[in-house]
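Take a look at the structure below.
Each chain gets a letter, A, B and so on, in the order its sequence line appears, and its residues count up from 1.
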Protein chains: 2
Amino acid sequence: MATDNHRPEPNRTLELLWGVQQPPSRGPKPALSLRQIVDTAIAVADAEGVGAVSMRRVADELGFTTMSLYRYVPSKTDLLELMVEHASEVPDVPPELSGWRDKLRWWATDTAQIYQRRRWALDVPLNAPPMGPNQIKRMEQALAALDETGLSGGEMVGILVVLSGYVRGHAQLATTLADVESRTGASQQAWDTAYGRMLTEFVDPERHPTLARIVAEGGFENGQDEDEWLDEDFGFGLELVLDGIARYVERRQGSMSPE
Amino acid sequence: MATDNHRPEPNRTLELLWGVQQPPSRGPKPALSLRQIVDTAIAVADAEGVGAVSMRRVADELGFTTMSLYRYVPSKTDLLELMVEHASEVPDVPPELSGWRDKLRWWATDTAQIYQRRRWALDVPLNAPPMGPNQIKRMEQALAALDETGLSGGEMVGILVVLSGYVRGHAQLATTLADVESRTGASQQAWDTAYGRMLTEFVDPERHPTLARIVAEGGFENGQDEDEWLDEDFGFGLELVLDGIARYVERRQGSMSPE
DNA sequence: AGCACTTGGTTTATGTTGTACACAGTTCTA
DNA sequence: TAGAACTGTGTACAACATAAACCAAGTGCT
């Protein structure tokens, strides 16, 4: 059967993600492994961002030619997906946690920590639904936490979208603010002054009364203490989301037929 | 003074975004304009996604050379930022709306509509805090809606992060699911079967009991009716977030010193 | 009126990228 | 033992962003 390689094949991607591949028996022993490739790629991304990850770079790091990688990975896109999958190992939910709220709080915080450690993960373009084992495990955890509420599957998924949206959104914002320098090549300070200039010079208090007032109150000074990452801000929004969920659950349970 | 062009200069970007530039008087008349460039770039992105936007492509579309664009835009990065800014015109809040909840609901829905119309906007890498007039106007609107609650600036900003995170997150998910085909080059169907395979073949009911149950119940069949975009799902999460905000506001107002 | 200077658009060139393709060596199977 | 399946390499290509040098077109100063 002709291999007809390299037009994207979801099934191949899927199999790579789940690591199902009986090693072929006829050829020479591979000197490399998917694992190695993905790990080096992750190392590069950790150190210099996902922009530094090129096929050439990864291959060089391993001491092989660029093209050798293509014996293990169908395309760079797949490599990126594999990176994300492998970069987010999922610990088990601490067993001492009980109640959906505590579990979800843990879940959200842990997810946020991943984004914090692997900031580049947010830069990987999201082209297909997440299908990797870790992604799925994470999904299962959140759904399992919600299971005790007795909500329907659809409702639980809806809630999950909200929660993970918040986590991702917060992370996105935090990284953007924290990493302007490495991302743009201009100094942190240059951005700060530009932003300040925008607020004072261009924000017309007529058109933007609320914003102007907040600025005047100094509400934009809190700025970027280095690792303000998993700080109050994150907790603030998180509890707010959890409150929303709680209210929904309450209302829903009130109107549910007893089992 | 030497111009030392093209190392990223936030101030230049800022000025481009706000359109402050007294036209120079000494050179030949420009045959092009920033506006035209950005508009064509947007048109290309609308039609074929942001991946199709290259300097070459935009210039060709306009009948100019690639390099001519650089007389108007310092870099492609800036062009992308300008595209996002211009692509999201912000209507005024309908005056008949009263109460923060209605206003925020409108705001969220309108924002989501932008993402729906300009799906490519979600693909533009976010490297710096949003500084364009439209972004700012949108921010002002949300803050203004919240102003009546009497919360502090910091609290309002925190809430805004949650809300916009949700909107963006939902949009991200919806587009990803809806546009797999154009994004990956593999057919919708191929992805569906791969996903189904994943759910049935790889999702071990031992390890993923909740997920497995939901799948068994058919909870993943709702699938992708073409423009299920601004549907119940969006409203579901939105009300949930609004509920969270409401609860926070209530609690906060209960403990506030009367003016 | 003339000259310097600024600006716009083109041409040419450079380095980097992902990946197609053909090949040579290796290992197993028939 | 012939060939099929497989690995890693070398070469090649098209697309990309953008730097540099250049000429023509205008403006302002003297």
For this session: Ignoring backbone atoms, establish whether B/Y72 has a side-chain N or O less than 4.0 Å from OP1 or OP2 of C/dG9.
Result: yes

Problem set entry | B/D78: salt bridge (Lys or Arg N to Asp or Glu O under 4.0 Å) partners, not counting sequence neighbours | none

For this session: Find the distance A/Y70:OH to C/dC21:P and express it as a whole number of Å.
Result: 13 Å

Exercise. What pairs with B/S187 under side-chain contact (heavy atoms from CB on, under 4.5 Å), at least two apart in sequence or on another chain?
Worked result: B/Q189, B/A190

For this session: Sequence neighbours left out, what pairs pass ring-ring contact (aromatic ring centres under 6.0 Å, His included) with at least one residue falling in residues 33-55 of chain B?
Result: none

Exercise. Rounded to the Å, how far apart are B/M67 CE and D/dC16 C1'?
Worked result: 13 Å

Seminar exercise, completed: In numerical order, the residues of residues 18-37 of chain A whose heavy atoms come under 4.0 Å of DNA chain D are A/P24, A/R26, A/G27, A/P28, A/P30, A/A31, A/L32

Exercise. Can B/D204 and A/K137 be counted as an ion pair, charged N to O under 4.0 angstrom?
Worked result: no

Seminar exercise, completed: What one should report as the nearest heavy-atom pair of B/E89 and B/N134 is CA-ND2, 4.0 Å

Exercise. Do other residues, nucleotides or ligands put more than 12 heavy atoms under 6.0 Å from B/R57 CZ?
Worked result: yes

Exercise. When the distance from CG of A/L80 to C1' of C/dG18 is rounded to whole Å, what number comes out?
Worked result: 12 Å

For this session: Kindly state which residues belonging to residues 42-65 of chain A come within less than 4.0 angstrom of DNA chain D, counting heavy atoms of the residue only, listed by number.
Result: A/F64, A/T65

Problem set entry | Interatomic distance where CZ belongs to A/R71 and P belongs to D/dA5 [whole Å] | 14 Å

Exercise. To the nearest Å, how far apart are B/L79 CG and D/dA17 P?
Worked result: 10 Å

Problem set entry | Short side-chain donor-acceptor distance under 3.5 Å, A/R138 and A/T111 | yes

Problem set entry | Partner residues of B/P133 under the side-chain contact (heavy atoms from CB on, under 4.5 Å) criterion, sequence neighbours left out | B/L17, B/W18, B/E85

